[in-house]
Amino acid sequence: MTLTEENLTIMGFTANSVSVDDMLYFFSTIDWLRDNTDFSFGEDVSVEDISNLPHSAKLFIIKFISMLKSGALSGSNVTSESIGGMSKSYDSSINASANLWQIAKELLGKHLTKGKAKSFGSYSRWK
């Protein structure tokens, strides 16, 4: 699928939410949805595939693209604070990843198939 202004409008996105310039971000988001939800997309995702998504999934696409564009998920985010000549730095990419999963849980709900943690029953450990 080619990302055009017309296709974005047909899929239900406004001009200010996703632009043609966001093509790589858009398809990265589709890959994330393909890997972590029960939405089924073919290798070549179609306009109809996106049009048929629930509104909450479209909102997730917008938020995910916004996080990618801001660099929040790049792992290079450092937050620091300074008090009385002492300073401390924090890696805020951990918070960004947690925020992404929180947004996914809130917006995608029952469609989300993966989470941050995996659990295995005690029986499977002894096989």
Side-chain angles (χ1 to χ4, degrees):
M1 169 180 72
T2 303
L3 204 58
T4 64
E5 293 293 336
E6 181 183 353
N7 286 347
L8 288 171
T9 303
I10 292 170
M11 290 184 280
F13 295 105
T14 61
N16 295 331
S17 62
V18 179
S19 73
V20 175
D21 297 333
D22 298 335
M23 185 168 58
L24 287 176
Y25 296 129
F26 182 83
F27 288 112
S28 295
T29 305
I30 298 304
D31 288 341
W32 192 95
L33 288 171
R34 187 181 285 130
D35 293 342
N36 296 291
T37 66
D38 61 0
F39 299 127
S40 58
F41 302 109
E43 190 61 35
D44 187 26
V45 66
S46 69
V47 172
E48 291 79 25
D49 291 336
I50 306 302
S51 297
N52 293 332
L53 288 174
H55 295 293
S56 58
K58 292 177 186 178
L59 181 57
F60 176 80
I61 291 171
I62 293 168
K63 289 189 175 285
F64 193 94
I65 289 172
S66 174
M67 290 179 84
L68 287 171
K69 286 172 76 170
S70 71
L73 299 174
S74 67
S76 62
N77 296 317
V78 176
T79 304
S80 62
E81 63 183 3
S82 213
I83 301 174
M86 299 186 324
S87 66
K88 176 120 182 165
S89 298
Y90 305 94
D91 180 12
S92 59
S93 63
I94 296 169
N95 293 336
S97 178
N99 287 343
L100 174 65
W101 282 102
Q102 183 63 34
I103 291 169
K105 287 176 188 174
E106 290 173 4
L107 294 177
L108 302 175
K110 65 182 179 182
H111 298 288
L112 195 62
T113 58
K114 293 184 180 178
K116 291 183 71 174
K118 293 183 181 179
S119 62
F120 299 95
S122 58
Y123 177 75
S124 64
R125 287 191 304 217
W126 300 104
K127 284 186 176 183

Test item: Ile50 and Phe26 side chains (from C-beta on) under 4.5 Å apart, heavy atoms
yes
Would you say Leu112 and Leu107 make side-chain contact, with heavy atoms under 4.5 Å?
no
Give a yes or no on whether the backbone of [Y] and the side-chain of [X] come within a donor-acceptor separation of less than 3.5 Å.
X	Y	answer
Lys58	Met11	yes
Ser28	Leu24	yes
Thr113	Asn36	yes

side-chain contact (heavy atoms from CB on, under 4.5 Å), that's the test. Do Phe60 and Leu53 meet it? Break it down for me.
CA-CA 11 Å; Phe60 176 80; Leu53 288 174; over 6 Å; no
The reported gap from CZ in Phe41 to CG in Leu33 (rounded to nearest 0.5 angstrom) is 5.0 Å
CZ/Arg34 to OG1/Thr29 distance, rounded to the nearest 0.5 angstrom?
11.5 Å
Can you see which heavy atom on Phe39 is nearest to which on Pro54, and at what distance?
CE2-CD, 3.8 Å
Minimum heavy-atom distance between Lys63 and Ile103, given as atom pair plus value:
CD-CG2, 3.9 Å
Under the ring-ring contact (aromatic ring centres under 6.0 Å, His included) test against Trp32, which residue among Tyr25, Phe27, Trp101 passes?
Trp101
Would you sort out whether Ile61 and Ile30 count as a side-chain contact (heavy atoms from CB on, under 4.5 Å), showing the intermediate values?
CA-CA 8 Å; Ile61 291 171; Ile30 298 304; 4.2 Å; yes
